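Structure first, then comments.
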Amino acid sequence: MCTTCGCAEGDTQIEGHAHDHSLEHHHAHSHNHDHSHEHSHNHDHGHALMATHAAGISPARILRIEQDILSKNNAYAADNKSYFKQHGMLALNLVSSPGSGKTTLLTRTLDDLKAEFSQAVIEGDQQTLLDAERIRATGVNAVQINTGKGCHLDAHMVGHAVETLKPEDNSLLFIENVGNLVCPASFDLGEAHKVVILSVTEGEDKPLKYPDMFNAAGLMILNKTDLLPYLQFDVDQCIAYAQRVNPGIAILQVSATTGEGMQAWYNWLRELHQSIQSNTQNQTTITNN
Amino acid sequence: MHEMSLCEGVIQLIEQQADEQQFTSVNTVCLEIGTLAGVEIEAMRFSFDAIAKGTIADAAKLEIISVQGLAECPLCKQQTEVTARYDLCPQCGHYPLDILAGEEMRIKELEVQ
Ligand SMILES: Nc1nc2c(ncn2[C@@H]2O[C@H](COP(=O)(O)OP(=O)(O)OP(=O)(O)O)[C@@H](O)[C@H]2O)c(=O)[nH]1
Ligand SMILES: [Mg+2]
Ligand SMILES: [Zn+2]
Ligand SMILES: [Zn+2]
């Protein structure tokens, strides 16, 4: 429980945050808890009866709520999104099953793009600080979120992690989600895109078996292509499956260990970063005029 | 488990409503869950009992209305029931279809006191 904002964090631990409650006064998002109330109507069907009831006894009544179960997460995600936008940041949510190579892909990317961009990483795992340590070994700032039993990051945790991390304006923010092809699909973190990483050792049928994730992603990175000669993995079939659940998905093939194909990924990042920058600039010009 | 955190979301929304709408106990929670929402109904019931314990919704009855997936073909406008997001149009074979219903994850109603 986060005492200032009253947010339930369960057994989630954010490095440098959980035991420092002073941080909670500087939320990147405002916990004013008045998000998404607009749909609640009090259809007090017991109204006529209530008047005749003895004072002090409240009769049962039906409240029509019509609220999305994820509305709280979505409100936090919207706060994160506007924070990222305000600061010209490109935030990406990296999702995959465990061990597809997210951290390997990241450490190589951070090294290669160090000179070009300011970068920061939020690492999500159920346990251990291992991945954040691997990231910090590249010299890039990282904060680890341990979700405990939780199988995905949510927008609220990410908001707190951003406070701790304080990424520079115009930076790339990579959020490595908990390895899980199911749950992270439903939880928007405020990112520009989900990037789903699928390694060739997992089989080409994964886009069809976990369609929600591949449907939610803007880019699929097919990783570990250096292993293709040793496997029976049908790349074309895999791509066809991914396009079946998401016709607009971009697809890149890389090997995070040999570096093959990584330039295309960097170009994808550059283009997206560029478009965010020009959007931010346009906005500034509009407000200045 | 995904359903655990969904139930936490439900309880948080109920507690927020309790503040605003001035009630102290919940008799029934009625949810609307689409068949395309990726929610396991049995897991949802199990999680709800665990998560609601000791909260304002302790002892509340959970009702779940399942909403059938419905989609429309953007080409031939055929409407069809779907069980998966990537189903093809039964009339012309086109995909993707526009999902009209089945993605709901909503608190519909509460009976409160
Ligand atoms: N051959 C080969 N191995 C790779 C490649 N990328 C990652 N690996 C290996 O795959 C294993 C898992 O890589 P990680 O980067 O830890 O994967 P991850 O997705 O971050 O794993 P979790 O965070 O635990 O879900 C490691 O042994 C990596 O060396 C690749 O392109 N080719
Ligand atoms: Mg990792
Ligand atoms: Zn989950
Ligand atoms: Zn059709």
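Numbered from 1 within each chain, the chains take letters A, B, ... in sequence-line order. Atoms considered below: every heavy atom in the structure, side chains included; atoms not considered: hydrogens, waters and symmetry mates. None of these values were measured; they are calculated from a predicted model.
- Using a 4.5 Å heavy-atom cut-off against chain A, the contacting residues of residues 33-41 of chain B are Ile33(B), Leu36(B), Gly38(B).
- Listed options Leu70(A), Asn215(A), Ile69(A) were ranked by heavy-atom pairs under 4.5 angstrom with chain B; first place goes to Ile69(A).
- Checked against salt bridge (charged side-chain N to carboxylate O under 4.0 Å, His left out), Lys108(B) has the following partners two or more places apart in sequence or in another chain: Glu66(A), Glu32(B).
- Side-chain atoms of Leu31(B) and Phe48(B), non-hydrogen and from C-beta on, never get closer than 4.5 Å to each other.
- Neither the backbone nor the side chain of Val182(A) comes within contact range of chain B; no heavy atom of the residue lies under 4.5 Å from a heavy atom of that chain.
- Scored by the salt bridge (charged side-chain N to carboxylate O under 4.0 Å, His left out) test, Glu81(B) finds no partners at all (sequence neighbours excluded).
- His2(B) and His152(A) have perpendicular rings, their planes meeting at more than 60° on a 0 to 90° scale where under 30° would count as parallel.
- No side-chain N or O of Asn146(A) forms a donor-acceptor pair with one of Gln126(A) less than 3.5 Å apart.
- Using a distance-only test at 3.5 Å, with no hydrogens or angles considered, no donor-acceptor pair links the side chain of Gln12(B) to the main chain of Val10(B).
- Listed by first then second residue, pairs satisfying salt bridge (Lys or Arg N to Asp or Glu O under 4.0 Å) with a partner in residues 93-104 of chain B read Arg85(B)-Glu103(B), not counting sequence neighbours.
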